[in-house]
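Notes follow once the structure below has been shown.
These values consider heavy atoms only, across backbone and side chains, with no hydrogens, waters or symmetry-generated copies. In this text the structure is predicted, and so the values were computed from the model without any measurement. For reference, positions follow the sequence shown, starting with 1.
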Amino acid sequence: MHCSHRKLLFCFICIIYSSAYSQTIGGSSVFNFLKLSNAPQLTALGGINTSNLSNDVSLSFNNPALLRKEMHSQMAAVFNVFYADIKNLHWMLGYHHQKLQTNFSFGLNYFGYGSVQQTDAAGNILGTFRPNDYVVQFAASRKYLERWYYGATLKFISSNYSQYRSNGLAFDFGVNYYDSSRLLQVGFVVKNMGLQLKKYAGQAEDMPFDMQIGITKRLAKAPLQFSFAAQHLHQFDILYNDTAFNNDNFITANNSKFFDKLFRHFIMATQIYVGDKVEVTVGYNFLRRAELKISNAPNGLNGFSMGVGVLLSKLQVRYARSHYQNNTAYNQLGLNMPLNKYFGLGKFGEGVGW
């Protein structure tokens with residue numbers, strides 16, 4: 001390795017190290033909407049995945065190393081209604097620059113919270129306002145040797161809640177290893193390294209930093225694919241205890257055992273392929289199950305997610321459903337379209353062909 005490469009690698013490791021120990025998890029960080037899944041396939045996979053073998057440009061929104069030249073001109077559009085009638089819109093477009101041998105993407109993820117009544121401290125109605133959160137991001141990726149890919153994402157983040165406004169910049173970096181002969185892919189990503197440019201009340205808050213790794217293996221002689229992912233690699237104990245809530249409700253603090261703390265990091269998923277046109281996905285998020293369970297009550301399918309995709313040559317349609325409580329679920333619907341097959345935008349975009 002050249003000296004300049006060593007220096008660059010050393011600087012990058014220092015940035016990750018400082019970010020890991022200066023930023024927090026749970027409800028103690030700003031811009032937490034960045035943690036929510038932007039696409040149906042990711043939702044069905046459990047909400048976190050860095051390595052899935054799929055021709056879905058939306059997955060590169062979370063790991064830029066998954067962006068490929070075969071996604072040239074692919075457009076993703078996702079329309080969702082979250083809880084309490086919260087609107088979520090996601091849009092993304094992939095592009096391959098042949099001379100630079102570089103893949104690019106541009107994406108937007110928007111949350112609109114409707115019209116909210118604005119009052120003063122005495123309860124007098126002053127009018128209404130429309131709070132929202134959004135992130136706009138630009139990503140690039142390249143191939144290295146035969147099996148390696150690397151990519152980076154630059155994000156502009158904004159939150160607007162009437163007179164309370166904040167924005168910031170964040171950076172993701174991802175690495176991906178793909179062995180086509182073994183149908184094996186490994187992904188690693190460092191997410192949300194950055195800072196607030198404008199603070200809500202003049203005081204800086206931590207970014208929702210995360211380090212994630214995952215592995216995906218598709219079976220050569222069966223229509224099955226398995227994914228295993230881990231989140232919050234930089235901190236082992238990610239148990240969140242709300243002491244005020246516990247005291248008000250006479251709940252003893254949850255002192256989890258070693259294996260409970262360990263498994264909270266993991267997300268598992270399985271995909272079944274019905275021919276080459278239909279995929280069925282089931283995922284399980286241990287952390288979501290643990291944090292949303294209710295003591296002494298049935299918890300149904302908390303932590304589980306599922307989805308189905310219809311993969312046609314000119315259109316991918318995906319639907320996902322994830323469970324957060326035993327009687328409620330979140331539904332997502334998304335479309336992927338290779339625009340070059342409609343408008344002749346270049347020779348790429350013929351599909352990955354896993």
Side-chain angles (χ1 to χ4, degrees), residues 25-27 32-54 56 58-59 61-63 78-84 86 88 90 109 111 187 210 212-219 222-232 238-240 254 256-257 259-274 278-311 316-334:
I25 59 173
N32 279 290
F33 70 95
L34 295 175
K35 300 177 182 179
L36 296 175
S37 171
N38 61 291
Q41 184 169 196
L42 185 63
T43 296
L45 289 165
I48 292 176
N49 191 287
T50 66
S51 60
N52 195 60
L53 281 75
S54 174
D56 183 357
S58 291
L59 295 182
F61 196 83
N62 298 277
N63 182 0
V78 183
F79 313 93
N80 310 299
V81 178
F82 208 64
Y83 295 106
I86 296 172
N88 174 220
H90 167 70
N109 204 26
F111 289 85
D210 199 1
Q212 302 171 359
I213 194 169
I215 182 171
T216 297
K217 177 71 171 74
R218 182 163 179 174
L219 303 185
L224 294 172
Q225 181 167 285
F226 301 97
S227 290
F228 179 83
Q231 60 181 324
H232 301 307
I238 56 176
L239 178 68
Y240 180 77
N254 186 359
S256 295
K257 303 298 182 182
F259 284 104
D260 180 41
K261 294 179 180 179
L262 177 65
F263 278 96
R264 286 172 184 254
H265 292 266
F266 299 149
I267 302 95
M268 300 188 301
T270 300
Q271 290 181 292
I272 303 171
Y273 296 92
V274 183
V278 177
E279 65 179 23
V280 179
T281 306
V282 178
Y284 182 72
N285 188 313
F286 285 87
L287 179 63
R288 187 186 301 160
R289 176 78 178 189
E291 291 188 335
L292 295 180
K293 69 179 180 181
I294 302 174
S295 301
N296 302 318
N299 288 279
L301 295 175
N302 283 10
F304 283 93
S305 55
M306 55 206 71
V308 61
V310 179
L311 314 178
Q316 300 177 22
V317 182
R318 286 187 171 91
Y319 165 79
R321 181 178 176 88
S322 53
H323 291 261
Y324 289 82
Q325 290 295 338
N326 63 339
N327 61 345
T328 60
Y330 171 41
N331 300 293
Q332 275 186 313
L333 178 66

| query | When you look at Tyr319 and Asn331, which way does the side-chain contact (heavy atoms from CB on, under 4.5 Å) test go after all the steps? | reply | CA-CA 7 Å; Tyr319 165 79; Asn331 300 293; 2.5 Å; yes
| message | Parallel, tilted or perpendicular, judged at 30° and 60°: which one describes the rings of Phe111 and Phe33? | response | perpendicular
| request: Check the pair Leu45 / Thr281 against side-chain contact (heavy atoms from CB on, under 4.5 Å), numbers first and verdict last. | output: CA-CA 7 Å; Leu45 289 165; Thr281 306; 3.7 Å; yes
| Okay, side chain of Ser305, backbone of Thr43: is any donor-acceptor separation there less than 3.5 Å? | yes
| message | Is any side-chain heavy atom of Gln316 closer than 4.5 Å to one of Val310? | response | no
| task | Would you give the length of the straight line joining atom CG of Leu301 to atom OG of Ser322, rounded to the nearest 0.5 angstrom? | result | 11.0 Å
| message | Do Leu53 and Lys217 have side chains that approach each other closer than 4.5 Å (heavy atoms only, starting at C-beta)? | response | no
| Okay, side chain of Asp210, backbone of His232: is any donor-acceptor separation there less than 3.5 Å? | yes
| said: I'd like to check Leu42 versus Ser58 (side-chain heavy atoms, cut-off strictly below 4.5 Å). Are they in contact? | reply: no
| query | Would you say Ser51's side chain and Ile215's backbone share a donor-acceptor pair under 3.5 angstrom? | reply | yes
| query | For the atom pair OH (Tyr284) and CZ (Phe263), what is the distance rounded to the nearest 0.5 Å? | reply | 10.5 Å
| Can you tell me how far the CG atom of Leu219 sits from the CD atom of Gln225, to the nearest 0.5 Å? | 9.0 Å
| Between His90 and Phe61, does the ring centroid distance fall short of 6.0 Å? | yes
| Between Val78 and Leu333, is any pair of side-chain heavy atoms under 4.5 Å apart? | no
| task | State, with a plain yes or no, whether a side-chain heavy atom of Thr50 is found less than 4.5 Å away from one of Asn62. | result | no
| request: Measure across Ala320 and Ala44 and return the closest heavy-atom pair with its distance rounded to 0.1 Å. | output: CB-N, 3.9 Å
| said: So, applying side-chain contact (heavy atoms from CB on, under 4.5 Å) with Leu59, which one of Asn52, Asn38, Asn49 is it? | reply: Asn52
| message | Assess, by modelled atom type and distance only, whether the side chains of Gln41 and Gln332 contain a donor and an acceptor separated by less than 3.5 Å. | response | no
| field | Any donor-acceptor pair under 3.5 Å from His265 side chain to Gln231 backbone | value | yes
| request: Say whether, by atom type as modelled, one donor and one acceptor occur between the side chain of Asn88 and the main chain of Asn80 under 3.5 angstrom. | output: no
| field | Asn302 backbone acceptor or donor facing Arg289 side chain under 3.5 Å | value | yes
| task | Drop me the distance from Tyr273's OH to Leu311's CG, to the nearest 0.5 angstrom. | result | 8.0 Å
| query | Can you find a heavy atom in the side chain of Arg318 that is under 4.5 Å from one in the side chain of Ser54? | reply | yes
| said: How long is the straight-line distance from CG of Leu262 back to CZ of Phe286, given to the nearest 0.5 Å? | reply: 9.5 Å
| message | Before you tell me yes or no, could you show the steps for Gln212 and Asn63 under side-chain contact (heavy atoms from CB on, under 4.5 Å), namely the whole-Å CA-CA distance, both residues' side-chain angles and the distance that decides it to 0.1 Å? | response | CA-CA 9 Å; Gln212 302 171 359; Asn63 182 0; over 6 Å; no
| task | First locate atom CD1 of Ile267, then atom CZ of Arg288, and finally report the distance between them rounded to the nearest 0.5 Å. | result | 9.0 Å
| task | For the pair Ser37 (side chain) and Gly47 (backbone), establish whether a donor and an acceptor sit closer than 3.5 Å, ignoring hydrogens and angles. | result | no
